[in-house]
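What follows is a short report on a single structure.
Sequential numbering from 1 along the given sequence is applied to the chain's residues.
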Amino acid sequence: MALELLPASIRANYECHEWKHATAILKDDFPDEWKDIIKVLTEFKLKEESIRAPGGGKSPVATEIDGQFLKLGWVEKGFATQVVVDGHSTDSPTHKVDCFKNGIALEIEWNNKDPFFDRDLNNFRLLFDLRVISVGVIITRSDALQQIFDELGKGASYGASTTHMSKLLPRVKGGGGGGCPILAFGIKTNLFQQTKRTA
C-alpha cells in the first residue's frame with residue numbers, strides 16, 4: 001500500500017488518504033517537496049490556544065502551517081487561465097492555492113465551510129488537466145478532534161458543515177478532483193498540545 005511510504009509517525013498523527021498513487025508520485029518524482037511536507041507535518045503541534053482563539057479571519061492553525069511552508073520556499077499562487085473558442089478568449093482565473101512549489105499544490109482547510117473542499121478539488125482538477133500541477137495535497141482535521149473541541153467549550157465553532165475529513169472523502173471518491181492525484185491529511189488528537197498552567 002503506497003501510504004506505507006509515509007513515515008510511521010505521520011501515519012500515527014494524521015489520518016491519511018490518497019488517490020491515484022499520489023504518495024509514490026510525490027516521494028519518487030518530487031523528493032524535495034516530499035521532504036518539505038514531511039518536515040512541516042512532523043513539527044506541527046495543535047496548540048490549545050489556537051483552538052481557543054476567537055473566530056474571524058485566518059485561523060492560527062492555518063496561519064502556522066502556511067508560515068512553515070513559506071519558510072521552505074512555497075508560495076501562495078494564483079493562475080491566469082483562459083478558455084479559447086474559435087479564436088475568442090475568455091478569462092477563467094483559478095482560485096489561489098495556499099501553498100505551491102514545483103508543480104505541487106497544497107491547501108490547508110482547518111475550519112472553513114465545507115464547500116471550500118469543492119473549490120479546492122475543482123481547482124486541482126483544472127490545474128492538473130492544464131499540466132500545471134502533478135499532485136494536490138489537502139491538510140484538514142480528523143473527525144475525532146470534535147471531542148477535544150467539545151471539552152474545551154468550542155464545539156459550536158467547529159460545526160458539522162465545516163471542513164473535516166468525512167466531508168472531504170465523499171467528494172474525492174465522487175471524482176471531484178478529476179484525474180489529479182490527491183493526498184489528504186487529517187490532523188488527529190495525538191497532536192493536541194494542552195496549555196501548561198501554573199499552580
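Residues that satisfy the side-chain contact (heavy atoms from CB on, under 4.5 Å) test with Lys45, not counting sequence neighbours, are Leu191, Gln193. Checked against ring pair (Phe, Tyr, Trp, His ring centres under 6.0 Å), Tyr158 has the following partners two or more places apart in sequence or in another chain: Trp110, Phe149. Scanning for ring pair (Phe, Tyr, Trp, His ring centres under 6.0 Å) contacts around Phe185 gives an empty result, with sequence neighbours left out. For Glu33, the salt bridge (charged side-chain N to carboxylate O under 4.0 Å, His left out) test picks out no residue, with sequence neighbours left out. Not counting sequence neighbours, the partners of Lys39 by the salt bridge (charged side-chain N to carboxylate O under 4.0 Å, His left out) test are Glu43. Evaluation of the side chain to side chain donor-acceptor pair (under 3.5 Å) rule for Lys35 yields no partner, not counting sequence neighbours. The side-chain contact (heavy atoms from CB on, under 4.5 Å) search around Thr189 returns Ala144, Leu145, Ile148, not counting sequence neighbours. Scored by the salt bridge (charged side-chain N to carboxylate O under 4.0 Å, His left out) test, Lys101 finds Asp36 as partners (sequence neighbours excluded). Qualifying salt bridge (charged side-chain N to carboxylate O under 4.0 Å, His left out) partners for Asp118, counting only residues two or more places apart in sequence or in other chains: Arg171.
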Could you tabulate the donor-acceptor pairs under 3.5 Å formed by side-chain atoms of residues 121-132, not counting sequence neighbours?
residue, atom, partner, partner atom, Å
Asn122, OD1, Arg125, NE, 3.2
Asn122, OD1, Arg125, NH2, 2.6
Asn123, OD1, His95, N, 3.4
Asn123, ND2, His95, O, 2.8

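Not one N or O on the side chain of Asp114 forms a donor-acceptor pair closer than 3.5 Å with the backbone of Thr163. Checked by atom type and distance alone, the side chain of Arg11 never pairs as donor or acceptor with a backbone atom of Cys16 at under 3.5 Å. Between the side chain of Asn111 and the backbone N or O of Ser157 there is at least one donor-acceptor pair closer than 3.5 Å.
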Point to revise | Steps toward side chain to side chain contact (heavy atoms under 4.5 Å, CB included) verdict (Val97, Leu106) | key: CA-CA 7 Å; Val97 172; Leu106 185 145; 5.6 Å; no

Point to revise | Test log, rule side chain to side chain contact (heavy atoms under 4.5 Å, CB included), inputs Ile139 and Leu41 | key: CA-CA 9 Å; Ile139 301 173; Leu41 293 178; 3.9 Å; yes

Exercise for review: Quick one: do Arg52 and Glu49 satisfy side chain to side chain contact (heavy atoms under 4.5 Å, CB included)? Show the steps, please.
Suggested key: CA-CA 5 Å; Arg52 290 189 181 278; Glu49 55 264 34; 5.5 Å; no

Exercise for review: Run the numbers on Tyr14 and Leu6 for side chain to side chain contact (heavy atoms under 4.5 Å, CB included), then give the verdict.
Suggested key: CA-CA 11 Å; Tyr14 296 86; Leu6 290 163; over 6 Å; no

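When all heavy atoms of Cys180 and Ile133 are compared, the pair lying nearest together is SG-CD1, 3.9 Å. Here the shortest heavy-atom pairing between Pro7 and Ile38 reads CD-CD1, 3.7 Å. The minimum heavy-atom distance linking Lys188 with Ser142 is given by the pair CA-OG, 3.6 Å. Pro170 and Ser166 get closest at one heavy-atom pair: CD-O, 3.1 Å. Taking all atoms of both residues into account, the shortest heavy-atom contact from Asp150 to Gly155 is OD1-CA, 3.2 Å. The shortest heavy-atom contact between Phe69 and Cys99 is CB-SG, 3.8 Å.
Checked for salt-bridge contact, Glu109 and Arg119 meet the test: a charged N lies under 4.0 Å from a carboxylate O.
Looking only at atom types and distance, the side chain of His21 has no donor-acceptor partner in the side chain of Thr23 under 3.5 Å away.
Under a hydrophobic-cluster definition in which Ile, Leu, Val, Met, Phe, Trp and Tyr are linked whenever side-chain heavy atoms come within less than 4.5 Å, directly or via other members, Leu3 and Val137 are assigned to the same cluster. In the hydrophobic clustering of ILVMFWY residues, with side-chain heavy atoms under 4.5 Å counting as a link, Ile187 and Phe116 come out apart.
Expressed to the nearest 0.5 Å, how far CG of Asp98 lies from CG of Asp120 amounts to 7.0 Å. A distance of 8.5 Å separates CE in Met165 from CD1 in Ile138, rounded to the nearest 0.5 Å. Distance check: Phe30 CZ to Ile37 CD1 gives 10.5 Å after rounding to the nearest 0.5 Å. Interatomic distance, Glu107 CD to Ile182 CD1, rounded to the nearest 0.5 Å: 11.0 Å. The line from CG of Asn102 to OG of Ser134 is 8.0 Å long, rounded to the nearest 0.5 Å. Between the CG atom in Leu5 and the CD1 atom in Ile10 there is a gap of 13.0 Å [rounded to 0.5 Å].
Listed by first and then second residue, the salt bridge (Lys or Arg N to Asp or Glu O under 4.0 Å) pairs involving residues 23-32 amount to none (not counting sequence neighbours). Screening residues 62-80 for salt bridge (Lys or Arg N to Asp or Glu O under 4.0 Å), with sequence neighbours left out, gives Lys47-Glu64, Lys58-Asp66.
Phe117 has its side chain within reach of Thr140: a pair of non-hydrogen atoms, C-beta onward, lies under 4.5 Å apart.
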